[in-house]
Amino acid sequence: MKNSFVTILDFGSSKITCMAASRLSDNGEFIIKAVGQSAYSGFDDKAFYEPDTLAAAIKQAVSQVEAKMNCDIKEIYVGVPGAFSAMINSEASTTFHSKKKIDADDVAEVVKKADIYKCGADFAPLGGKPVYYILDGAIKSFDPVGIIASKLTALVSFSYMKKYFRNTVAPILLEMGVTKVYYLNTCEAQAAYISNAMFREGYSIIIDVGYITTNVLLCGGRGLLFARTFALGCGYLASDLCQVLGCDFNYAMSILEKVNLNLDIQSGDAYSVNGKMVDASQTNAVVKERIGQIAEYVIKSFRLCDKQIPANTPIILTGGGLAYIRGGVDCLATQLNKPVRLYDSVNPQTKRNEYTSCYGLIYEAIKTNNNKNGFWSFLKTIGLGKGDK
């Protein structure tokens, strides 16, 4: 029997978020029923910063949702952050004896043929997801089932999870009584959700600037073509202000709430922050300098991408950092010399940029929950506890 709702667990760079949500429609809409959250120290690409406090943070976030839903959570979809995941693309083709109507078995076969890579001893596979298909070497499609063709080619994105992440999180969840755990690539889920929410089926670039990390993603249809994570976020902006202005960190974060990079700042202008005046020109210069560095890292990231990216590919900014600084999106666009759009949603429940990774996990979890025994569930359940496969 399928649950009436799904529960996700998202590991951000400064907080852990748990959400319970239910499906509303076939086009990816859902309603969020409960949210739980806890602050923690985050991670880098090697480990959690304070692993001894991780269990308490996870339990706090999950228990808040259990209290609001008035039930014990036994099944959860865990997002694997970009720092603890990897991905690779692979292409495979199947040629039929004659033209035929493509069915789900044909698609499953070509996806299976594309799975040719070994993930190594430090990683565990999360499965593959088709980005797009090519019919008869010429026609691009995102859903080939029912189309008549003699050759089917698929570009498939395969995700992998660092075993360190699973080995750290799994025992905590098992001790809490969670007996079924499904791992999802957070970057992949977020890219798919944003592309769907903003009606993008072709190429799109998503830049998620968080608190201490930034994810740079290239979405090529319904899957991820490229992903890179680097340690730079809005927390660095506050640190810069601390050093230059001689203030404490919390006050620097308050300053960022006042910053407006679109203002024509004149000599002597100031921001009023908690009853104190802060030099606006100096503050804006510091913030713009760090945004320029973020832009440099974005550009360097794509130098590692082996895909041909169309010049008119839309760039979408999201995350809980730069997206909330007034003029931040325009400053980033200037530094990249490319138009940049801010993520937005017509649904008031899903408008918060700092939660787009959560929305993506919900989006994928609902699809997986509805198709656990069907072909489209490419995600693998990693064995945990007596309830797992």
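Worth saying up front: this structure is predicted, and the values here are computed from it rather than measured. The first residue in the sequence is number 1, and the count goes up from there.
- Side-chain contact between Y49 and Y40 is absent, with no heavy-atom pair separated by less than 4.5 Å.
- Considering every non-hydrogen atom in both D264 and D269, the closest pair reads O-OD2, 4.2 Å.
- Y271 OH to L263 CG: the interatomic distance, rounded to the nearest 0.5 Å, is 5.5 Å.
- Between the CZ atom in F5 and the OG atom in S22 there is a gap of 7.5 Å [rounded to 0.5 Å].
- Taking the side chain as every heavy atom from C-beta outward, S90 and F158 approach each other to under 4.5 Å.
- T214 is not listed as a side-chain neighbour of Y297, based on a closest heavy-atom distance of 4.5 Å or more.
- Rounding to the nearest 0.5 angstrom, the gap separating the CZ atom in F226 from the CG atom in L304 is 5.5 Å.
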Given the rule in the side-chain contact (heavy atoms from CB on, under 4.5 Å) test, do M277 and S272 qualify, once you have shown the distances and angles that lead to the verdict?
CA-CA 5 Å; M277 305 308 289; S272 176; 3.8 Å; yes
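- A donor-acceptor pair is defined here as one N or O able to donate and one able to accept, closer than 3.5 Å; no such pair exists between the side chain of T213 and the backbone of S13.
- Contact record, F302 with V216: CE1-CG1, 3.1 Å, taken as the closest heavy-atom pair.
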Would you please test V169 and F11 for side-chain contact (heavy atoms from CB on, under 4.5 Å) and show each step?
CA-CA 11 Å; V169 174; F11 290 81; 3.9 Å; yes
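- Other residues, nucleotides and ligands contribute over 12 non-hydrogen atoms within 6.0 Å of the NZ atom of K163.
- Under 3.5 Å, the side chains of D208 and Q190 contain a donor-acceptor pair of N or O atoms.
- When atom types are taken as modelled, the side chain of Q349 and the backbone of I32 share a donor-acceptor pair closer than 3.5 angstrom.
- Checking side-chain atoms of K68 against main-chain N and O of K33 turns up no donor-acceptor pair under 3.5 Å.
- To the nearest 0.5 angstrom, S357 atom OG is 7.5 Å from I8 atom CD1.
- With hydrophobic clusters built from ILVMFWY side chains whose heavy atoms lie under 4.5 angstrom apart, Y355 does not share a cluster with I31.
- The minimum heavy-atom distance linking Q60 with S63 is given by the pair O-OG, 3.0 Å.
- Shortest non-hydrogen contact noted between C234 and L256 is O-CD1, 4.0 Å.
- Across all their heavy atoms, K288 and C331 have their closest contact at CG-SG, 3.9 Å.
- Residue pairs meeting the salt bridge (Lys or Arg N to Asp or Glu O under 4.0 Å) criterion with at least one member in residues 48-66, sequence neighbours excluded: K59-E175.
- Residues N89 and K307 bring a donor and an acceptor atom of their side chains to less than 3.5 Å of each other.
- With values rounded to the nearest 0.5 angstrom, K151 atom NZ is found 9.0 Å from D136 atom CG.
- Evaluation of the side chain to side chain donor-acceptor pair (under 3.5 Å) test over residues 237-252, restricted to residues two or more places apart or in two chains, returns D240-R290.
- Put simply, the side chain of I207 reaches to within 4.5 Å of the side chain of L336, judged on heavy atoms.
- I212 has its side chain out of reach of S14: every pair of non-hydrogen atoms, C-beta onward, lies at least 4.5 Å apart.
- Not a single donor-acceptor pair under 3.5 Å links the side chain of Y160 to the backbone N or O of D122.
- A donor-acceptor pair under 3.5 Å links the side-chain atoms of K351 to the main chain of S345, judged by distance alone.
- Checked against the 6.0 Å centroid threshold, F84 and F165 count as a close aromatic pair.
- Salt-bridge annotation for K112 and E109: absent, with no side-chain N of the basic residue lying under 4.0 Å from a carboxylate O of the acidic one.
- Other residues, nucleotides and ligands contribute at most 12 non-hydrogen atoms within 6.0 Å of the CG atom of N337.
- Judged purely by atom type and a 3.5 angstrom limit, K129 has no side-chain atom pairing as donor or acceptor with the backbone of S159.
- For the side-chain hydrogen bond (donor to acceptor under 3.5 Å, both in side chains) with Y193, the qualifying choice from Y343, Y359, Y363 is Y343, the only one to do so.
- Within 6.0 Å of the NZ atom in K100, the count of heavy atoms belonging to other residues, nucleotides or ligands exceeds 12.
- Shortest non-hydrogen contact noted between A39 and A57 is O-CB, 4.3 Å.
- Linking Ile, Leu, Val, Met, Phe, Trp and Tyr whenever their side-chain heavy atoms come within less than 4.5 Å leaves L24 and I366 in two separate clusters.
- No side-chain heavy atom of Y133 sits under 4.5 Å from any side-chain heavy atom of I147.
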With side-chain contact (heavy atoms from CB on, under 4.5 Å) as the criterion, how do D115 and V156 come out once you've worked through the C-alpha distance, each side chain's angles and the decisive distance to 0.1 Å?
CA-CA 8 Å; D115 190 5; V156 186; over 6 Å; no
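- For K276, the NZ atom is loosely surrounded, since the number of other residues' heavy atoms within 6.0 Å does not exceed 12.
- No side-chain donor from either of T17 and D10 sits under 3.5 Å from a side-chain acceptor of the other.
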Check the pair L261, N284 against side-chain contact (heavy atoms from CB on, under 4.5 Å), reporting the backbone distance first and the verdict last.
CA-CA 6 Å; L261 302 178; N284 279 20; 3.8 Å; yes
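- Residue pairs satisfying the side chain to side chain donor-acceptor pair (under 3.5 Å) criterion with at least one member in residues 309-336, sequence neighbours excluded, are listed as follows: N262-D330, T318-N353, T318-T356, Y324-E354.
- Put simply, the side chain of E91 never gets that close to the backbone of T153: no donor and acceptor are under 3.5 Å apart.
- Here the CD1 atom belonging to I148 is positioned 8.5 Å from the NZ atom belonging to K99, to the nearest 0.5 angstrom.
- Side chains of V244 and Q282 form a contact here, defined as non-hydrogen atoms less than 4.5 Å apart.
- Using a 4.5 Å cut-off on side-chain heavy atoms (C-beta onward), L152 and L135 make contact.
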